[in-house]
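Start at 1 and go down the list; that is how both ligands and their atoms are numbered.
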Amino acid sequence: MNVSQDTIYAQASEHISDFQFDNRVAGVFSDMIRRSVPGYTQIINTIGDFADRFVMPNTQIYDLGCSLGAATLSIRRQIQGRQCRIIAVDNSESMVARCQENLNAYVSDTDVDLVCGDIRDIDIQNASLVVLNFTLQFLPPEDRETLIAKIYQGLNPGGILVLSEKIRFEDAPIQTLLEEQHLDFKRANGYSELEISQKRSALENVMKPDTLTTHQQRLTSQGFSHFSLWFQCFNFASMVAIK
Ligand SMILES: Nc1ncnc2c1ncn2[C@@H]1O[C@H](C[S@+](CC[C@H]([NH3+])C(=O)[O-])CC(=O)[O-])[C@@H](O)[C@H]1O
Ligand SMILES: O=C(O)C(=O)Cc1ccccc1
């Protein structure tokens with residue numbers, strides 16, 4: 001995996017453009033996400049553990065918004081010999097190119113179809129596990145329900161969706177507290193005030209977090225029988241929903 005340090009927002013810029021998963025971001029993404037998302041490594045490891053429990057032989061696994069392939073690699077390590085196929089999808093060419101290199105670095109008997117495309121255009125079928133690890137938050141809010149409906153339809157009974165997201169809180173003091181704790185986490189990981197504020201501006205228009213209640217209601221209204229939050233650190237959460 002690429003370990004170059006993220007200094008993308010280190011220099012003051014007059015105009016901050018909307019955040020994009022371009023070649024610069026892809027080149028430092030591994031460092032960026034670990035220093036920005038509390039619990040990221042634990043979430044990636046646990047996705048592998050969920051795969052071990054839920055992935056049935058001869059089924060498909062979808063990693064939607066796979067970036068550099070961290071979740072796919074974690075899953076693939078756990079499901080050797082099950083004759084499964086992982087479909088890993090991302091619409092950033094730079095991410096997909098680096099993801100392919102990361103996949104090539106390990107041997108496995110599980111085929112991975114790496115697709116450079118939009119997750120809204122992907123057909124989902126015979127799935128025992130679908131992963132949306134910090135991806136749904138980048139879809140326009142009006143497209144989120146349709147994607148969840150498609151995932152539900154493509155999952156086999158007993159199949160699982162793992163949904164990780166930055167979340168927001170209706171309660172203003174709680175929103176302020178947990179957002180500040182997240183900013184302290186970034187400061188402790190070496191990001192300056194300038195880096196933090198410039199990245200915040202870049203994300204403003206492109207990443208719109210939902211509340212936990214919105215996530216739960218969306219999943220249950222689409223038919224999921226079982227739902228739980230399984231991880232939360234500050235304003236970052238990971239949820240499971242079982243069909
Ligand atoms: N419509 C879309 N279609 C396809 N890909 C998309 C779309 N929108 C955004 N992406 C892709 O979703 C990924 C989101 S990052 C996921 C981390 C990864 N899951 C990980 O476990 O390391 C999360 C983050 O950066 O906070 C990026 O690679 C985008 O190109
Ligand atoms: O950095 C942040 O403030 C975040 O909310 C997380 C994040 C991590 C990587 C890319 C975009 C957002």
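The heavy atom nearest to atom 29 (C) of ligand 1, out of those in Phe134, Phe236, Phe21, is found in Phe21.
Here the protein heavy atom with the shortest distance to atom 20 (C) of ligand 1 is Tyr40 OH, 3.4 Å. Nearest protein heavy-atom neighbour of atom 17 (C) of ligand 1: Ser67 OG, 3.3 Å. Regarding atom 11 (C) of ligand 2, its nearest protein heavy-atom neighbour is Lys199 NZ, 3.7 Å. Here the protein heavy atom with the shortest distance to atom 6 (C) of ligand 2 is Val37 CG2, 3.9 Å. Annotation: atom 30 (O) of ligand 1 to nearest protein heavy atom, Asp90 OD1, 2.6 Å. Scanning the protein heavy atoms around atom 5 (O) of ligand 2, the nearest turns out to be Lys166 NZ, 2.9 Å. Counting protein heavy atoms only, atom 10 (N) of ligand 1 is closest to Asn91 OD1, 3.6 Å. Remark: minimum distance from atom 3 (O) of ligand 2 to any protein heavy atom is reached at Lys186 NZ, 2.9 Å. Nearest to atom 1 (N) of ligand 1 among the protein's heavy atoms is Asp118 OD1, 3.2 Å. At the shortest separation from atom 18 (C) of ligand 1 among protein heavy atoms lies Gly65 O, 3.4 Å.
Those atoms of ligand 2 with a heavy atom of Ser36 less than 4.0 angstrom away are 1 (O), 8 (C). Which parts of ligand 1 touch Met95 is read off a 4.0 Å heavy-atom cut-off, strictly below it: atoms 28 (O). Of all atoms in ligand 1, numbered sequentially from 1 with element shown, those under 4.0 Å from a heavy atom of Ile44 are 21 (O). Atoms of ligand 1 lying under 4.0 Å from any heavy atom of Thr135, numbered from 1 in the order shown and given with element: 12 (O), 16 (C). Interface of His182 with ligand 2, defined as ligand atoms under 4.0 Å from a residue heavy atom, comprises 2 (C), 3 (O). Close approach to Gln137 involves these atoms of ligand 1, each under 4.0 Å from a residue heavy atom: 26 (O). Near Asn133, the atoms of ligand 1 lying under 4.0 angstrom from a non-hydrogen atom of the residue are 16 (C), 17 (C), 18 (C), 19 (N), 20 (C), 21 (O). Interface atoms of ligand 1 facing Ser92, defined by a heavy-atom separation under 4.0 Å, are 30 (O).
Around CZ of Arg82, the count of heavy atoms belonging to other residues, nucleotides or ligands within 6.0 Å exceeds 12. More than 12 heavy-atom neighbours from other residues, nucleotides or ligands sit within 6.0 angstrom of CD on Gln181. The local environment of CD in Glu142 is crowded, with over 12 non-hydrogen atoms from other residues, nucleotides or ligands closer than 6.0 Å.
Each of Asn126, Asp113, Thr59 was checked for a side-chain hydrogen bond (donor to acceptor under 3.5 Å, both in side chains) with Arg85, and the lone residue meeting it is Asp113.
Neither the backbone nor the side chain of Leu64 has a heavy atom within less than 4.0 Å of ligand 1. Only the side chain of Phe138 comes within contact range of ligand 1, with a heavy atom under 4.0 Å; no backbone atom does. Contacts of Met207 with ligand 2, taken as heavy-atom pairs under 4.0 Å, involve the side chain alone. Only the side chain of Leu139 comes within contact range of ligand 1, with a heavy atom under 4.0 Å; no backbone atom does. Contacts between Lys166 and ligand 1 below 4.0 angstrom, taking non-hydrogen atoms only, are absent altogether.
In this structure, the ring of Phe231 has its center no less than 6.0 angstrom from the ring center of Phe236.
Below 3.5 Å of separation, one finds an N or O of Ile119 facing an N or O of ligand 1. Taking any N or O of Asp63, backbone or side chain, none lies under 3.5 Å from an N or O belonging to ligand 1.
For the residue pair Gln175/Asp171, the side-chain donor-acceptor check at 3.5 Å is not satisfied. Under the 3.5 Å distance criterion, with hydrogens and angles disregarded, no donor-acceptor pair is assigned to the side chains of Asn133 and Tyr40. Side chain to side chain, Ser30 and Arg34 meet the donor-acceptor criterion of an N or O pair below 3.5 Å.
At least one heavy atom of Gly117 sits less than 4.0 Å from an atom of ligand 1. Contact annotation: Met32 has no heavy atom less than 4.0 Å from any atom of ligand 1. Leu203 counts as a contact of ligand 2, since one of its heavy atoms falls under 4.0 Å from the ligand. Within the 4.0 Å heavy-atom shell around ligand 1 one does not find Ile43.
Closest non-hydrogen pair, Gln198 versus Tyr9, comes out as NE2-O, 2.9 Å. Looking at every heavy atom in both residues, Ala51 comes nearest to Ile75 through CB-CG2, 3.8 Å. The two atoms that bring Phe21 and Ser92 nearest to each other are O-OG, 2.7 Å, heavy atoms only.
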### Message
salt bridge (charged side-chain N to carboxylate O under 4.0 Å, His left out) for Arg168 and Glu179? Distances and angles first, verdict last.
### Response
CA-CA 9 Å; Arg168 73 181 166 80; Glu179 201 173 23; over 6 Å; no

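Using a 4.0 Å cut-off between charged side-chain N and carboxylate O, Asp31 and Arg35 make a salt bridge. The pair Asp123-Lys150 fails the salt-bridge criterion, with no side-chain N (NZ, NE, NH1 or NH2) lying under 4.0 Å from an Asp/Glu carboxylate O.
Taking CZ from Phe50 and OG from Ser238, the interatomic distance works out to 6.5 Å, rounded to the nearest 0.5 Å.
You'll find the side chain of Leu147 reaches within 4.5 Å of the side chain of Leu132, heavy atoms only.
Side-chain atoms of Lys243 come within 3.5 Å of backbone atoms of Tyr152 as a donor-acceptor pair (strictly under, hydrogens ignored).
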